[in-house]
Number of protein chains: 2
Amino acid sequence: MGEQRLKRPRMADVAREARVNRITVSRALSHPELVAEDTLERIRAAIARTGYVPNQIARGLKAEHSRIVSLITPPQMSGVYGAVLERLSAALYESGLIVNLFPVLDIEAQREAVLPELIGWKPAAIVIFGIQLTETARQSLLDRHTPVVELLNYRADSPDTCVGYDQAEATEILTDHLLDRGYRRIGYVHSANPLNIMNERRLSGFEKAITARKGTVRMLGGTRPAAPAADTWIAGTEIKCFPGFQAGYELMQHLHEHDRMPDALLYASDMVAVGALQYCLSHGLTPARDIGLCAVDGTELTSVIKPGLTSLDFPYERVVEYGAEQILRHVNDRTAAPERIRIPAKVLHRQTT
Amino acid sequence: MGEQRLKRPRMADVAREARVNRITVSRALSHPELVAEDTLERIRAAIARTGYVPNQIARGLKAEHSRIVSLITPPQMSGVYGAVLERLSAALYESGLIVNLFPVLDIEAQREAVLPELIGWKPAAIVIFGIQLTETARQSLLDRHTPVVELLNYRADSPDTCVGYDQAEATEILTDHLLDRGYRRIGYVHSANPLNIMNERRLSGFEKAITARKGTVRMLGGTRPAAPAADTWIAGTEIKCFPGFQAGYELMQHLHEHDRMPDALLYASDMVAVGALQYCLSHGLTPARDIGLCAVDGTELTSVIKPGLTSLDFPYERVVEYGAEQILRHVNDRTAAPERIRIPAKVLHRQTT
DNA sequence: CTGAAAGCGCTTACAG
DNA sequence: CTGAAAGCGCTTACAG
């Protein structure tokens with residue numbers, strides 16, 4: 001009894017039950033449209049009776065690709081990335097695809113090394129977010145006709161399928177929002193990780209909004225920056241900051257204690273912004289009045305925190321929904337052309353600006 | 001040129017380069033201790049020269065198990081689970097193991113169905129957290145000698161390897177903390193998901209602390225509970241609440257508006273607690289004085305929020321570190337005995353109690 | 001310590 | 001619409 005359980009039914013067992021060849025069973029599973037309806041019915045019944053579950057490993061060996069979707073994940077899974085990952089893996093699982101995690105550090109060499117390893121799993125598709133592939137990496141994927149889908153970042157000139165909002169536009173409309181509300185010396189706080197493609201585009205949107213009003217954008221390195229110059233009418237400053245609540249708290253503390261407060265701060269990360277907000281609340285600074293605060297990442301946290309943090313209004317659910325659709329489209333047709341889906345975002349004005 | 005790039009080197013190519021048989025190359029990779037040092041050296045050089053990367057799919061077909069670690073993930077990846085997942089996948093990746101995500105819903109049937117599928121990938125190990133396996137599920141894994149490692153939940157009587165803190169003790173010491181500080185009518189707020197094994201143990205710790213002081217524990221279903229009875233000296237109430245910031249906010253609102261406030265609330269989830277805290281701050285309720293608040297999940301959020309939320313002080317990093325160690329131990333020796341690692345936790349007293 | 005044989009469980013051409 | 005043959009790239013006994 002216990003011994004028998006050790007042997008899972010194989011495709012041959014199903015074939016015997018259904019009185020067809022193993023090939024036909026395989027076809028019924030992979031290309032049911034090529035199999036006659038009554039044969040299909042017999043095979044389905046046999047599968048149910050035997051409790052057959054395909055061996056995915058064997059399938060992937062001969063097949064052009066496995067049922068694996070490789071996700072190259074940036075560090076920092078809690079927050080937006082975690083929410084997207086959770087929903088994406090559930091959506092793909094329903095379609096019989098399994099998500100594999102390939103974590104990469106903020107190191108170029110490691111990012112290069114992950115590719116051959118990843119290809120060894122013959123993924124049906126590759127999903128990236130918060131990460132930029134190197135040119136050689138992209139080329140080797142193209143050579144294997146492995147589709148790449150980028151989430152959370154729309155670019156009109158993307159070589160791959162992408163689903164997201166325009167990062168440059170996001171920071172531009174948020175900066176315009178700050179300028180419209182009268183803030184003049186504005187800092188843009190982000191991690192400045194050069195491997196995160198979003199950073200560059202976000203910064204460019206910030207610059208665009210500032211310079212459009214004849215302002216100056218100054219780049220200040222480090223996590224202990226000086227304030228934007230007070231002698232220009234409009235000044236934008238890039239401020240680098242490690243991710244996380246604590247770093248946001250400490251950055252604000254530094255600016256406050258060294259009397260280098262700008263009029264407003266635009267944060268790439270909601271967590272860093274919330275950390276800053278907590279500093280303000282516990283040190284007599286009134287958000288909006290003493291300092292404007294807003295964040296690009298508009299998670300649930302920004303809406304439930306008091307005072308509510310002004311942020312981008314952006315439907316993550318739809319990114320996952322469309323993203324999963326696109327992945328399936330490419331898995332079913334490896335020669336499908338890339339599609340670029342721009343999901344509009346707008347400013348959600350709350351109490352911190 | 002471009003054509004050649006399409007063909008990855010295979011094991012046979014390395015064997016030719018190193019002037020050995022393919023089998024020896026295979027052995028050098030899987031069981032290097034069985035290969036002579038100089039042969040090993042030649043093979044290593046050949047691998048470097050050819051740029052060979054093993055085809056993991058082919059490996060898994062004949063091998064007893066693949067290099068996949070299957071993670072059965074509960075919903076809610078943002079928060080603690082996301083942080084653990086991120087670090088675990090990075091740690092395992094360094095050892096050549098890839099994490100596969102098997103998302104399960106809070107539905108028993110779906111949880112049963114995932115197992116055969118999961119086994120189809122011949123995982124080297126299975127990792128669970130926040131989820132309880134059914135007895136038939138565990139049995140079928142045992143039959144295949146697939147090791148199971150449970151994270152974040154220590155149980156002395158666990159049949160599998162586990163690394164975490166004692167959930168019952170966690171809520172017991174937090175409840176004791178509340179009682180010591182004078183709170184008498186205490187509610188325990190959690191998702192009450194019957195598939196999450198932690199819930200049961202956490203609830204038992206809460207009950208134990210209450211009854212130890214001659215209190216009564218009453219179970220109130222639903223998300224709109226009545227307050228604990230005021231006529232008993234000590235009263236504990238179980239309150240069910242959906243996860244997330246917003247749900248915590250709304251629950252507190254309900255208790256407040258219907259004049260059903262207990263003295264203190266103990267939350268399973270830090271996010272729910274933070275949502276409740278935000279309600280208090282914006283409705284004239286002073287945490288600690290008007291209502292004591294504390295949470296089991298002691299994430300960075302609880303420490304950076306103002307006022308700081310009393311929570312469990314628990315080293316997640318070590319769970320991942322020990323967890324990865326245990327997984328590797330079982331992968332290298334499938335007959336290894338389960339080990340139960342209890343990581344102590346203590347109360348981190350902040351400003352909300 | 002190293003090698004010749006067989007096979008893991010499927011899928012992909014190719015016939016019919 | 002269905003089937004006989006070959007093979008995907010490795011690993012596992014078994015010899016020597």
Side-chain angles (χ1 to χ4, degrees), chain A residues 6-16 18-43 46-47 50 52-68 96 116-117 119-124 144-145 331 334, chain B residues 6-16 18-43 46-47 50 52-68 96 116-117 119-124 144-145 331 334:
Chain A
L6 280 165
K7 291 200 71 185
R8 314 180 95 206
R10 293 170 309 134
M11 204 173 251
D13 300 318
V14 176
R16 202 180 314 112
R19 308 191 150 278
V20 292
N21 191 283
R22 286 153 53 207
I23 302 164
T24 311
V25 178
S26 170
R27 206 154 15 216
L29 256 30
S30 299
H31 308 283
E33 69 279 7
L34 300 179
V35 178
E37 191 51 51
D38 56 334
T39 314
L40 219 48
E41 212 52 63
R42 276 213 317 286
I43 292 173
I47 287 174
T50 53
Y52 172 71
V53 178
N55 179 329
Q56 297 292 350
I57 296 278
R59 179 182 191 291
L61 184 55
K62 180 70 177 177
E64 290 155 5
H65 58 87
S66 65
R67 302 294 287 178
I68 288 173
E117 156 98 43
I119 291 170
W121 290 97
K122 291 207 209 170
R144 287 178 183 75
H145 302 287
V331 168
R334 302 216 122 203
Chain B
L6 281 165
K7 293 202 64 183
R8 315 181 93 205
R10 294 171 306 134
M11 205 173 250
D13 299 317
V14 175
R16 201 181 314 111
R19 311 192 148 275
V20 292
N21 191 282
R22 286 152 55 208
I23 302 163
T24 312
V25 177
S26 170
R27 205 151 20 212
L29 256 29
S30 299
H31 307 284
E33 70 280 8
L34 301 178
V35 178
E37 191 50 52
D38 55 335
T39 314
L40 218 49
E41 210 53 63
R42 275 213 317 288
I43 291 173
I47 287 175
T50 53
Y52 171 72
V53 179
N55 180 328
Q56 298 291 349
I57 296 278
R59 181 185 190 290
L61 184 55
K62 180 70 179 175
E64 290 155 5
H65 59 88
S66 67
R67 301 295 286 178
I68 288 173
E117 156 98 43
I119 292 171
W121 291 98
K122 290 209 208 170
R144 286 176 184 74
H145 302 289
V331 167
R334 300 218 124 201

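Letters go in sequence order (proteins before strands), and every chain restarts at 1.
Taking the side chain as every heavy atom from C-beta outward, B/I47 and B/L29 approach each other to under 4.5 Å.
Taking the side chain to side chain donor-acceptor pair (under 3.5 Å) definition, one finds that A/R16 meets it with A/D13, sequence neighbours left out.
Rounded to the nearest 0.5 Å, atoms OG1 (B/T50) and CZ (B/R10) are 12.0 Å apart. The line from CZ of A/R19 to OG1 of A/T24 is 14.0 Å long, rounded to the nearest 0.5 Å. A distance of 11.0 Å separates CD1 in B/I68 from NZ in B/K122, rounded to the nearest 0.5 Å.
Counting non-hydrogen atoms under 4.0 angstrom, B/L34 reaches a base of the nucleic acid.
Comparing B/L61 and B/L40 by the nucleotide of DNA chain C whose heavy atom lies nearest to each, the residue mapping closer to the 5' end is B/L40.
Interface residues of residues 20-29 of chain A facing DNA chain C, ordered by number: A/R22, A/I23, A/S26; criterion, heavy-atom separation under 4.0 Å.
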Taking distance alone, no hydrogens or angles, what donor-acceptor pairs closer than 3.5 Å link side-chain atoms of residues 55-63 of chain B to residues at least two apart or in another chain?
from  : atom 1 : to    : atom 2 : distance (Å)
B/N55 : OD1    : B/I57 : N      : 2.9
B/N55 : OD1    : B/A58 : N      : 3.0
B/R59 : NH1    : B/H65 : O      : 3.3

Below 3.5 Å, can you tabulate the donor-acceptor pairs from side chains in residues 36-43 of chain B to any protein atom, sequence neighbours excluded?
from  : atom 1 : to    : atom 2 : distance (Å)
B/R42 : NE     : B/A18 : O      : 2.9
B/R42 : NH2    : B/A18 : O      : 3.4

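A pairwise comparison of heavy atoms in A/P32 and A/A28 identifies CB-O, 3.4 Å as the closest pair. Nearest heavy atom pair, residue A/S66 against residue A/W121, reads OG-O, 2.9 Å.
When DNA chain D is scanned 5' to 3' for any atom under 4.0 Å from a heavy atom of chain A, the first and last hits are D/dC1 to D/dG9.
Stem regions for DNA chain D, each three or more consecutive Watson-Crick or G-U pairs with both distances under 3.5 Å and listed by first number, read C:1-3 with D:14-16, C:5-12 with D:5-12, C:14-16 with D:1-3.
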